[in-house]
Amino acid sequence: MTQTFEFLRHIFSKHAFLSAVLITALSVGLMKTANFTFSDTAIVGDNIASFTRYMIVAALFYVMIHIGWAKAAGLTSFSITGGAQYWWATTLPLILVGGLNLISTSWDSLVFKPAGLIQAFFSDFSVGLFEEILLRGVCFYILCRAWRDYNNGLIKAALVQALIFGLFHIFNLATTPAVDVIAQVIYATLLGIGFAGIVSYTRSIWLAVILHTFINAAGNLDKYFQADYVRPSTDPASYAAAITLIFIIVVLPNLYLLKKIQTRQS
């Protein structure tokens with residue numbers, strides 16, 4: 001077993017980009033396969049997907065702990081701030097994104113029930129945990145470790161991990177209109193840069209997990225608490241406005257933050 005983890009450590013170090021792509025492909029592929037194979041209703045499918053996410057997270061934790069990278073990657077640093085003095089400032093852009101989701105919610109049509117609250121939390125937290133552990137806790141760290149001695153290695157790692165996961169949203173074309181999937185790809189990429197900035201600054205994955213869960217929960221209120229919910233279509237102009245706003249309030253500040261961190265580490 002020790003030789004296996006030594007081999008993985010070697011592969012992750014020598015082939016960082018390929019490792020990040022394959023880890024993401026395997027994780028997303030397992031989740032989608034379990035969802036399509038074992039679900040016969042929307043609720044069952046949602047629960048199967050959530051359960052699979054938690055199992056993948058456990059596996060990723062196990063691997064990172066046994067190759068000795070869990071602490072450095074922020075997985076076992078359970079302080080959400082990581083001792084960073086101005087951690088709260090990094091949360092403001094992403095809180096605003098979640099706030100915009102709340103504003104767009106049809107509050108008058110929502111009915112909150114205990115079973116629905118449990119279902120929503122189980123699902124939303126699984127997404128936030130899965131995506132942050134996979135992308136920022138594993139892939140981002142693998143890339144940062146491999147590229148740390150290169151010029152702007154931290155920023156390159158942040159951009160690449162965000163783009164990798166953004167592109168994997170193309171899987172959703174099987175069930176979602178193309179215009180929505182394109183928007184998801186761009187959203188995931190841009191927000192991924194923001195989360196990378198937070199993880200780099202706090203040296204912990206957990207503030208990013210909390211914020212990611214908040215954004216998901218704020219955007220899914222209609223889905224879980226509106227009877228006979230049907231996803232509305234969104235016009236391209238609205239998507240373009242949202243993307244522009246996210247780029248300005250999330251991407252630009254976090255690219256600056258990553259640049260400052262990179263300079264301090266040099």
Side-chain angles (χ1 to χ4, degrees), residues 21 23-54 56-57 94 97-98 100-106 109-110 116 119-135 139 161-195 211-247 250-251:
V21 172
I23 291 169
T24 305
L26 179 61
S27 299
V28 175
L30 283 173
M31 185 190 66
K32 294 294 185 181
T33 300
N35 188 7
F36 291 139
T37 303
F38 300 107
S39 63
D40 54 3
T41 67
I43 293 178
V44 172
D46 197 35
N47 286 333
I48 290 293
S50 298
F51 181 77
T52 305
R53 290 186 196 104
Y54 286 121
I56 293 171
V57 164
L94 292 165
V97 172
L100 293 174
N101 286 340
L102 292 176
I103 292 172
S104 63
T105 299
S106 303
S109 61
L110 302 187
Q119 171 77 21
F121 178 78
F122 185 72
S123 177
D124 291 330
F125 183 69
S126 77
V127 175
L129 183 68
F130 170 73
E131 295 186 0
E132 290 311 311
I133 297 297
L134 171 62
L135 271 300
C139 294
Q161 61 82 29
L163 184 59
I164 287 172
F165 195 66
L167 290 174
F168 270 96
H169 280 75
I170 291 174
F171 272 111
N172 293 335
L173 281 171
T175 58
T176 307
V179 66
D180 294 330
V181 173
I182 292 171
Q184 290 173 358
V185 168
I186 299 173
Y187 286 159
T189 301
L190 298 183
L191 291 175
I193 296 170
F195 289 125
L211 290 169
H212 200 141
T213 301
F214 166 66
I215 291 173
N216 290 341
N220 286 333
L221 289 172
D222 287 332
K223 172 184 174 181
Y224 287 110
F225 302 108
Q226 184 181 118
D228 301 321
Y229 171 74
V230 177
R231 181 182 176 88
S233 60
T234 304
D235 65 278
S238 297
Y239 278 138
I243 289 167
T244 300
L245 182 62
I246 291 172
F247 181 79
V250 175
V251 175

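Computed from a predicted structure; not experimentally measured.
Checked against ring pair (Phe, Tyr, Trp, His ring centres under 6.0 Å), Phe165 has the following partners two or more places apart in sequence or in another chain: His169. The ring pair (Phe, Tyr, Trp, His ring centres under 6.0 Å) test applied to Phe247 returns no partner, not counting sequence neighbours. Not counting sequence neighbours, the partners of Phe121 by the side chain to side chain contact (heavy atoms under 4.5 Å, CB included) test are Phe125. Listed by chain and number, the residues in a salt bridge (Lys or Arg N to Asp or Glu O under 4.0 Å) with Glu131 amount to none (sequence neighbours excluded).
Taking CZ of Phe130 as the reference point, atom CG of Leu135 lies at 8.0 Å (rounded to 0.5 Å). Distance check, rounded to the nearest 0.5 Å: CD1 of Ile246 to CD1 of Ile186 gives 10.0 Å.
Between Gly166 and Ala188, the closest heavy-atom pair is CA-CB, 3.8 Å. What you find for Thr105 and Leu110 is that their closest heavy atoms are CG2-CD1, 3.6 Å. Closest heavy-atom contact between Gln161 and Gly192: NE2-O, 3.1 Å. The two residues Ser104 and Asn101 make their nearest non-hydrogen contact at OG-O, 2.9 Å.
Remark: side-chain polar atoms of Tyr187 are not paired, donor with acceptor, to backbone N or O of Ala242 under 3.5 angstrom. In this structure, the side chain of Thr176 does not engage the main chain of Leu173 through any donor-acceptor pair within 3.5 Å.
Within the 4.5 Å cutoff, side-chain heavy atoms of Phe195 are placed close to those of Leu94. Proximity of Val250 to Val97: side-chain heavy atoms (C-beta onward) are separated by under 4.5 Å at one or more points.
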Identify each donor-acceptor pair in which a side-chain atom of residues 24-32 lies under 3.5 Å from a protein atom, sequence neighbours left out, and give them as a table.
from  : atom 1 : to     : atom 2 : distance (Å)
Thr24 : OG1    : Ala20  : O      : 2.8
Ser27 : OG     : Ile23  : O      : 2.9
Lys32 : NZ     : Asn172 : OD1    : 2.7

Side-chain donor/acceptor pairs under 3.5 Å, residues 217-227, sequence neighbours excluded:
from   : atom 1 : to     : atom 2 : distance (Å)
Asn220 : ND2    : Asp124 : OD1    : 2.8
Asn220 : ND2    : Asn216 : O      : 3.2
Asp222 : OD1    : Ser106 : N      : 3.3
Tyr224 : OH     : Asp46  : OD2    : 2.7
Tyr224 : OH     : Ser123 : OG     : 2.7
Gln226 : NE2    : Ser109 : OG     : 3.0

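Within a 6.0 Å sphere centred on CZ of Phe51, heavy atoms belonging to other residues, nucleotides or ligands number 12 at most.
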Given Leu129 and Thr213, is the side chain to side chain contact (heavy atoms under 4.5 Å, CB included) satisfied, shown in steps?
-> CA-CA 8 Å; Leu129 183 68; Thr213 301; over 6 Å; no
